[in-house]
Amino acid sequence: MGKSNYALVTGGSSGIGLAFARELAAEGWDLILASRDQDLAEIAKKLGHEFDVTVETLSVDLGKEADIKKVEKRIIDAKKPIGVLVNSAGFVLRDSLVTGNLERQRTAFKVMAEAVMILSQAAAGVMKKRGEGMIINIASTAAFFYNGNYSALKRWVMVYTEALALELRGTGVTATAVCPGNTRTNFHASGGVKRKDLPDWMWCRPEQVARSGWRAAKKSRRVHIPTVRWRLLAWTCRHFQCLPRSMSRKLVSGRTKEVEGRRDPN
């Protein structure tokens, strides 16, 4: 692996994205971290020092068209080719489908679907010409439930990635959708969501997700669910639809009450 071999990670300054960046850096990949985190430069400096790799930064907000194009431009730069793309940027979308904030939901579509599509297509094109490369899109086990637009978006990421992998078959380029369960990061807290009700066994660590997801990508798996317990739950949801529907009804009820409570604190 030469110094011209870069891995680009969106949302690479925290959570699962940062865990993937660390996993890749540990194997000697140079990094490009794309994030809107104000501490991005400091995070990049620490990673570079710890792993002795080059770390570039792209200060971007993928909810903005111009910033998506900025990342796309870096992906297609032939002078510093991208060997791995990890689409991990995202945020909590906990709102009503009936009375919810449509602007926030449109932004979610841009960050967690449109950006994934544009950046994956850009990477697939240049990687296919070289005959090698890996695209890793972070979906979620939420894809197996019916909890608002977040579930819908993550289902789209999973299906899109599997379809992309099929189209790339035989080209030397792979696409993998990683579908983690609940993961201990600041993801939920940053969205104002409390998950204290969940038992410990339901939680994954970001390092665990990244290590497992990276191994799956190197094995050219199209869809991967980290941890046996979440794979079993996903299998059950696929084959016994009454379970995800029942669980989703409870989730939607709780989400709706929470949203209404935020709007009418009295």
message = Quick one, Thr10 with Val111, criterion side chain to side chain contact (heavy atoms under 4.5 Å, CB included). Give me CA distance, side-chain angles, the key distance, then yes/no.
response = CA-CA 10 Å; Thr10 71; Val111 173; over 6 Å; no

Do [X] and [Y] have side chains that approach each other closer than 4.5 Å (heavy atoms only, starting at C-beta)?
X	Y	value
Val157	Leu153	no
His224	Lys219	no
Thr171	Met127	no
Glu65	Ile118	yes
Ile225	Phe144	yes
Leu119	Ile75	yes
Met158	Val223	yes
Arg222	Leu166	yes

query = Can you tell me if CZ on Arg36 sees more than 12 non-hydrogen neighbours from other groups inside 6.0 Å?
reply = no

task = Tell me, yes or no, whether the heavy-atom count around Glu50 atom CD, taken from other residues, nucleotides or ligands under 6.0 Å, exceeds 12.
result = yes

ask   = Taking only residues two or more places apart in sequence, or in another chain, which ones meet Arg106 in a salt bridge (Lys or Arg N to Asp or Glu O under 4.0 Å)?
value = Glu103

request  = List for me each residue that meets salt bridge (Lys or Arg N to Asp or Glu O under 4.0 Å) alongside Lys218, sequence neighbours excluded, and say none if there are none.
outcome  = Glu27

Between [X] (side chain) and [Y] (backbone), is there a donor-acceptor pair under 3.5 Å?
X	Y	answer
Thr176	Arg221	yes
Ser151	Ala142	yes
Lys154	Ile138	yes
Arg74	Lys80	yes
Asp95	Asn101	yes
Arg130	Ile82	yes
Gln105	Ser96	yes
Ser140	Cys179	no
Thr107	Gly63	no

request  = Name all residues meeting the ring-ring contact (aromatic ring centres under 6.0 Å, His included) criterion together with His49; count only those two or more places apart in sequence or in a different chain, and write none if there are none.
outcome  = none

message = Before you tell me yes or no, could you show the steps for Phe20 and Ser88 under side chain to side chain contact (heavy atoms under 4.5 Å, CB included), namely the whole-Å CA-CA distance, both residues' side-chain angles and the distance that decides it to 0.1 Å?
response = CA-CA 9 Å; Phe20 259 100; Ser88 183; 5.8 Å; no

So, taking the atom named [atom1] in [X] and the one named [atom2] in [Y], what distance separates them when rounded to the nearest 0.5 Å?
X	Y	atom1	atom2	answer
Arg94	Asn147	CZ	CG	6.5 Å
Ser220	Arg169	OG	CZ	11.0 Å
Trp214	Met134	CH2	CE	3.0 Å
Glu132	Thr174	CD	OG1	10.5 Å
Phe91	Tyr150	CZ	OH	10.0 Å
Gln121	Leu164	CD	CG	9.0 Å

For the residue pair [X] and [Y], what are the closest heavy atoms and their distance?
X	Y	value
Ile136	Val178	CG2-CG2, 3.7 Å
Ser59	Asp67	O-OD2, 4.5 Å
Ala122	Glu72	CB-CG, 3.8 Å
Ser13	Asp37	OG-CB, 3.2 Å
Val53	Ala25	CG1-O, 3.9 Å
Pro180	Ile16	CG-CD1, 3.8 Å

Partner of Leu31 under side chain to side chain contact (heavy atoms under 4.5 Å, CB included), chosen from Thr54, Leu24, Leu8 = Leu24

ask   = Looking just at side-chain N and O atoms, do Ser120 and Asn87 make a donor-acceptor pair shorter than 3.5 Å?
value = yes

